[in-house]
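See structure below.
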Amino acid sequence: MALDLEDSPAMSLTASLGSDIVIRDETEIARYCRDWHGDVSSSAVAVLRPRSTQDVAACVKACHALNLAIVPQGGNTGLVLGGIPDDPVRQVVISLERMNAIRNIDADDFSAVVEAGCILSELKDAIADKAMFFPLALGAQGSCRIGGNVSTNAGGINVLRYGMTRELVLGLEVVLPDGSILNGLSTLRKDNRGIDLKQLFIGAEGTLGIITAVSVKLTPYPDQVATALLGLASLEDVITLYRRARRDCCDLMSAFEFMPPLALTLAREAIPDLPLPMSGDYPAYVLMEISGSGLVDIQDLMERFLEGVMEDGLVLDGTLPSSQAQAKNLWLIREGMNEGQAKRGAHMRSDVSVPLSRLPAFVHDAEQAIHAALPDCICVSYGHVGDGNVHLNCLPPSDLSAAEKAERIYRSKTVLNEVVDQYAGSMSAEHGIGRLKQMDFDVRLPEAKRKLLTAIKRAIDPDLVMNPGCQLNLSPES
Ligand SMILES: Cc1cc2nc3c(=O)[nH]c(=O)nc-3n(C[C@H](O)[C@H](O)[C@H](O)COP(=O)(O)OP(=O)(O)OC[C@H]3O[C@@H](n4cnc5c(N)ncnc54)[C@H](O)[C@@H]3O)c2cc1C
């Protein structure tokens with residue numbers, strides 16, 4: 001029997017929402033169905049691109065009426081496959097990319113109200129003009145969107161001073177799975193009237209509703225920033241240095257990133273003309289930043305701090321850039337090392353955390369366990385160590401076949417997760433669960449937590465239409 005196109009779900013969506021909102025063309029749809037690294041591609045019934053909160057509500061109701069499931073999407077920079085569909089005949093992508101307005105910036109209240117599709121760097125730039133600062137900072141900030149940041153409770157390099165995204169959110173506007181709108185765009189700093197419902201949606205990865213707007217906390221713009229790249233003898237010394245920096249620089253330290261010696265090689269592989277600021281080869285590197293505004297002398301603080309730690313032999317070598325361009329080059333090492341790994345091909349990427357005091361032992365044990373299981377692979381451990389968060393990655397030899405690489409990626413992840421468990425750590429410190437880590441998350445869920453998570457999901461989304469297969473894998477009868 002010939003397919004009646006008038007009856008196809010995509011046609012019905014167009015009929016009820018209009019062709020301005022609905023994308024049905026397969027080539028156009030493909031752009032929304034590929035993950036950031038290009039490792040995974042899928043398809044969807046359609047992509048919907050609403051322009052307003054009312055549009056989002058209409059999209060949700062239209063999907064409901066057609067028994068279609070919804071995958072919300074922001075900038076599609078998520079690294080755990082939460083924002084791309086995995087069922088091309090039942091799932092619709094709702095992209096927030098056209099809801100990108102900054103509704104209000106209030107310099108007196110140190111707050112802003114922004115639509116979910118606003119790109120993070122655009123929010124940061126817009127408020128910088130008013131001498132304000134939104135402290136969320138990550139490598140993807142030129143592409144990720146604020147609704148995605150809130151839905152993943154993103155971390156980044158400034159967490160040690162300002163906290164995860166959760167701590168920067170004052171209020172949310174959310175379209176619920178039945179199409180109703182929860183308006184909680186308060187900018188109150190203190191509001192203790194019972195259970196704080198917005199917390200349910202922060203980090204929910206689009207499984208409970210669609211965030212359409214966010215009110216955020218701002219801080220004064222840190223117009224003084226001092227950055228330093230330091231060479232140290234070991235990861236143990238890195239942690240000692242961190243503790244000392246927290247004391248000596250009070251709360252003005254805004255970033256403290258650890259990199260192994262291989263970072264410099266990887267960065268150069270990605271950016272061949274990147275100047276490398278230190279001549280020696282040290283077992284561990286720290287990229288540290290202190291920042292502030294007003295009457296504090298940040299440069300002087302950094303210089304006095306470094307004088308002390310170098311005199312004590314804790315830091316073996318260091319470079320303090322004398323211009324913003326030089327400081328930017330130091331951060332390019334950190335960003336370039338990511339690209340360098342990607343250039344070496346498919347590899348195991350992780351995002352784990354353990355208590356800070358146990359971090360050196362953990363990295364040692366995890367790298368040893370992976371080497372023992374996979375002697376031909378290279379481990380690269382780096383990241384936001386100030387938060388006990390390390391990206392412990394494993395690179396298979398580049399000349400292996402895709403299947404051999406996939407096997408090594410799977411095995412190294414299994415070995416790593418076992419060591420994380422031994423250290424009572426988290427197998428997802430900041431990227432979330434998505435679809436990629438769903439099974440690893442599931443097998444580690446304590447029963448009481450599983451019951452609560454399942455009850456919350458079923459109460460808010462009884463028909464399981466929001467991002468099925470992401471975080472929890474529930475079926476109607478389970
Ligand atoms: C180079 C690079 C560096 C990165 N560095 C960091 C880092 O340092 N720290 C960190 O935490 N992450 C990092 N990430 C991961 C990623 O950038 C963050 O998870 C980011 O917050 C995702 O935002 P997004 O808009 O791209 O969301 P998407 O990828 O579009 O979506 C992510 C999840 O949120 C859901 N979602 C998106 N928008 C909404 C909405 N409006 N309502 C409801 N659900 C929604 C999606 O369904 C999906 O489950 C990095 C990624 C890259 C590529």
Side-chain angles (χ1 to χ4, degrees), residues 32-39 50 53 56 59-60 69-86 91-100 114-123 136-159 164-166 168 172-177 182 200-214 255 257 270 334-339 341-342 349 351 353 382-384 387 389-391 428-438 461 466-471:
Y32 299 85
C33 297
R34 199 172 31 239
D35 79 313
W36 172 267
H37 286 103
D39 293 344
T53 305
V56 175
C59 291
V60 169
I70 293 164
V71 179
Q73 190 177 94
N76 197 14
T77 67
L79 299 175
V80 291
L81 308 181
I84 59 167
D86 64 352
Q91 291 173 355
V92 170
V93 173
I94 298 189
S95 165
L96 279 294
E97 67 188 353
R98 296 206 288 195
M99 284 191 63
N100 56 6
V114 57
E115 289 187 348
C118 180
I119 290 184
L120 175 57
S121 62
E122 289 177 5
L123 171 63
L136 182 62
L138 37 137
Q141 65 189 27
S143 306
C144 62
R145 295 172 191 270
I146 196 78
N149 299 145
V150 173
S151 300
T152 57
N153 185 28
I157 58 169
N158 291 162
V159 170
M164 305 271 285
T165 302
R166 186 182 300 283
L168 307 173
L172 292 180
E173 178 187 82
V174 184
V175 173
L176 298 171
L182 178 71
L200 285 177
F201 302 93
I202 304 174
E205 298 179 74
T207 58
L208 297 179
I210 302 182
I211 295 169
T212 46
V214 186
E257 296 287 305
R334 172 68 175 81
E335 283 160 32
M337 72 168 297
N338 271 346
E339 279 176 53
Q341 291 172 79
R349 292 182 285 267
D351 164 38
S353 65
Y382 62 100
H384 321 304
D387 311 316
N389 177 193
V390 58
H391 301 299
S428 183
E430 57 176 15
H431 294 165
I433 301 299
R435 294 182 170 77
L436 187 67
K437 298 185 182 173
Q438 198 277 321
D461 181 19
M466 290 304 309
N467 222 355
C470 179
Q471 292 195 347

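Computation of the quantities below employed the complete heavy-atom set of this structure, encompassing side-chain atoms and omitting hydrogens, waters and symmetry-equivalent molecules. All ligand and atom numbering here is 1-based and tracks the order in the structure. None of the values given here were measured: they were computed from a predicted structure.
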Under 4.0 Å from any heavy atom of Leu138, which atoms of ligand 1 are there? 5 (N), 6 (C), 7 (C), 8 (O), 13 (C), 17 (O)
Provide, to 0.1 Å, the distance between atom 19 (O) of ligand 1 and the closest protein heavy atom, together with that atom's residue and name. Thr152 OG1, 3.4 Å
Is Trp36 close to ligand 1, meaning an N/O of one under 3.5 Å from an N/O of the other? no
Out of Gln471, Glu430, Glu257, indicate the one that has the non-hydrogen atom closest to atom 9 (N) of ligand 1. Glu430
Please list the nearest protein heavy atom to atom 28 (P) of ligand 1 with its residue and the distance rounded to 0.1 Å. Asn76 N, 3.6 Å
SB check Asp35 Arg435 (cutoff 4.0 Å): no
How far is atom 11 (O) of ligand 1 from its nearest protein heavy atom, and which residue and atom name does that atom have? Gly155 N, 2.8 Å
Is it the case that ligand 1 has an N or O less than 3.5 angstrom from some N or O of Gly74? yes
Nearest heavy atom to atom 12 (N) of ligand 1, choosing from His384, Met466, His431, belongs to His431
Kindly confirm or rule out an N or O of Ile210 lying under 3.5 angstrom from an N or O of ligand 1. no
Ligand 1 N/O within reach of Ile157 N/O, cut-off under 3.5 Å: no
Name the closest protein heavy atom to atom 41 (N) of ligand 1, giving the residue it belongs to and the distance to 0.1 Å. Ile211 O, 2.9 Å
So, Asp461 side chain and Met466 main chain: donor-acceptor pair closer than 3.5 Å or not? yes
At what distance is the nearest protein heavy atom to atom 44 (N) of ligand 1, and which residue and atom is it? Ser151 OG, 3.0 Å
Give me the residue, atom name and distance of the protein heavy atom closest to atom 20 (C) of ligand 1. Asn149 ND2, 3.5 Å
To which protein heavy atom is atom 15 (C) of ligand 1 closest, and what is the distance rounded to 0.1 Å? Thr77 O, 3.7 Å
Enumerate the atoms of ligand 1 whose separation from the nearest heavy atom of Ala154 is less than 4.0 angstrom. 11 (O), 21 (O)
among protein heavy atoms, the one nearest atom 29 (O) of ligand 1 is Gly78 N, 2.7 Å
